[in-house]
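Before any comments, here is the structure.
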Amino acid sequence: MKHPSPAIYQRLRYGAFLLCACLLVSTSLLAARPPVAAVASAHPLATRAGMDILASGGNAFDAAVAVSAALAVVEPYSSGLGGGGFWLLHRARDAHEVMVDGRERAPLAATRDMYLDADGDVVPGLSVDGALAAGIPGVPAALVHISRRYGRLPLQQNLAPAIQLAREGFEVDGVYRRMAQFRLAPLQDDMAAADIFLQDDEVPDAGHRIVQADLAATLESIARFGDNGFYRGTLARKLVQGVRAAGGIWSLQDLAQYRVVERKPLRGEYRGMRITSAAPPSSGGVALIAMLNMLSAYELDSLDTATRTHVVIESMRRAYRDRAGYLGDSDFVEVPLERLTSMAHARALGQSIELDRATPSSALPGNTTEPEGEDTTHFSIIDADGNRVAATLSINYPFGACVVPPGTGVLLNDEMDDFSAKPGEPNVYGLVGAEANAIEPGKRPLSSMSPTFVESEQGVAIIGTPGGSRIITMVLLGILDLADGNGTDSWVSLPRFHHQYLPDSVQFEPGAFDEALQQQLRERGHTLKPLDSSYGNMQAIYWDKQTGKVTPASDPRGVGDARVGLIRLK
Ligand code: DON
């Protein structure tokens, strides 16, 4: 037998050295841990639930279940067991990343024209108020799935804080009162909802306790029986009965068939940072990556403020045009994801951006009203092993459909309004859609929820917010602020602006544009729409891998709470 030559030995040794070095580098990257855990959520009681679960030995995924369930109790206008959401997970041990899609599905009896009258016109309110507006909820299935597949603690333990909050009640605050005032009429229309969420049929006083005994029992049923505790058996029968009595179309089969879907998150890159965000049926990742791709053609920090703002607006306009035209549930329609998130597409879209003038949306190939509502919820979590969760959950409009099937405590969502009831007709957020987002039985409505991770050599950001159609542009502005070197406090508080293709106007928060900037934008041809109030409720965390510092932050526009804790996983 021929012996290998010394040169081959040398190459083999060099190869082995390289392999070891790679293994060492990758294990040290995987092993990198933050020194603390952190939770940022829209409600102090939910943040506390998450921190308590972490302190009891739970990981970020257990804490995510506890926070989601607690928010379902204490923020009933934003999310709940009757709603849906997207949980973006990163498991530190093997860098596994997944989006748990617990989005609502259209009932099997849903039809394309279910919200139209005999003349083919959209019936106002039908997809927003009342049981017909409700999709089949995904939150309970997602909680069971995340806890069992990714958590370390038993589901019962993860749901315990929420059960206690539902049973003992929580105090009404200013946000609750504002939301209840906004949805007072539809809440008064449903006896069970009014009993739980109003006080003598009116907006409750500050400090009034909202006790939800039925919801506590429903959570207990899920804790004991998992999916079956919600989607089958006694509770499922009560849900279907209540929905049908209120004019809805759910069936037992709808509930029994509901499944969460694990989806591959969307990936993009911006200035050396890796972006990981929501996949369809959310439009968030696609639009976010498309905007960042377009913006990477510019040295944003060397542009004057007016030009920078202008190109950011123009990138929003173009990405939202794609949203309106192409996006829908990718299990039902072909969504050209690769193309829409490619640099080539961004270059093609970006070619029509002129630095000195706005492109009218009507000049772009391919059509909306005023977005409203400050509802839905987002939270961010990191544990001391580096596991992380970004989750945005919703029942859509404040207090969803404002209907509670009697005996369940479950407030129904009105997520069916996120479908395009009629091509080209705006929904409650002024968004228009096309065939891709038309109603079909079992289909998931297109969402804007954009839970996102941003990662670079320097650190890791976990970011997201509620805000309907404006979610994606809020996350974009947060990422651009991160790229500018600013910290979480700045991302969550900076004044915001938004363009969504149609209507062709730039909305901006009080204080976002000074007089001079407004003048410069008008001169370029932008129609400005100053808003009377602020929007969004961003919850973010940044882990600086170089310094080890973990900084959570909660949007000052809300009443949320961001905490760090010295919690080590065993
Ligand atoms: O999934 C969506 O895009 C909407 N249902 C989210 C609604 C929302 O953020 C309400 N907050 N203003």
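Numbers here are sequence positions counted from 1. Atoms within each ligand, like the ligands themselves, are counted from 1 in listed order.
Which parts of ligand 1 touch Ile471 is read off a 4.0 Å heavy-atom cut-off, strictly below it: atoms 9 (O). Each of the atoms 1 (O), 4 (C), 5 (N) of ligand 1 lies under 4.0 Å from some heavy atom of Glu415. The distance from ligand 1 to the heavy atoms of Ser448 drops below 4.0 Å at these ligand atoms: 1 (O), 2 (C), 3 (O).
The shortest heavy-atom distance from Tyr429 to ligand 1 is under 4.0 Å. At a 4.0 Å cut-off, at least one heavy atom of Arg103 sits close enough to ligand 1 to count as contact.
A salt bridge links Arg388 with Glu455: the closest approach of a Lys/Arg side-chain nitrogen to an acidic carboxylate oxygen falls below 4.0 angstrom. In this structure, Glu435 pairs ionically with Arg112, as a charged nitrogen and a carboxylate oxygen lie closer than 4.0 Å. Between Asp322 and Arg339, none of the side-chain N atoms (NZ, or NE/NH1/NH2) sits under 4.0 Å from a carboxylate O, so this pair counts as no salt bridge. Under the 4.0 Å criterion applied to side-chain N and carboxylate O atoms, Asp418 and Arg444 are not assigned as salt-bridge partners. Between Arg557 and Asp555, at least one side-chain N (NZ, or NE/NH1/NH2) sits under 4.0 Å from a carboxylate O, which counts as a salt bridge.
When non-hydrogen atoms are compared, ligand 1 lies under 4.0 Å from the side chain of Ser394 (C-beta onward) but not from its backbone.
Some N or O of Gly467 is nearer than 3.5 Å to an N or O of ligand 1, by distance alone. Annotation: Leu446 places no N or O atom under 3.5 Å from an N or O atom of ligand 1; distance criterion only.
Ring centers of Tyr535 and Phe497: at least 6.0 Å apart, outside the cut-off.
Closest heavy-atom approach to atom 1 (O) of ligand 1 within the set Pro466, Ser447, Ser469: this belongs to Ser447.
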Test salt bridge (charged side-chain N to carboxylate O under 4.0 Å, His left out) applied to Arg183 and Asp129, step by step: CA-CA 9 Å; Arg183 298 290 276 153; Asp129 305 327; 2.7 Å; yes
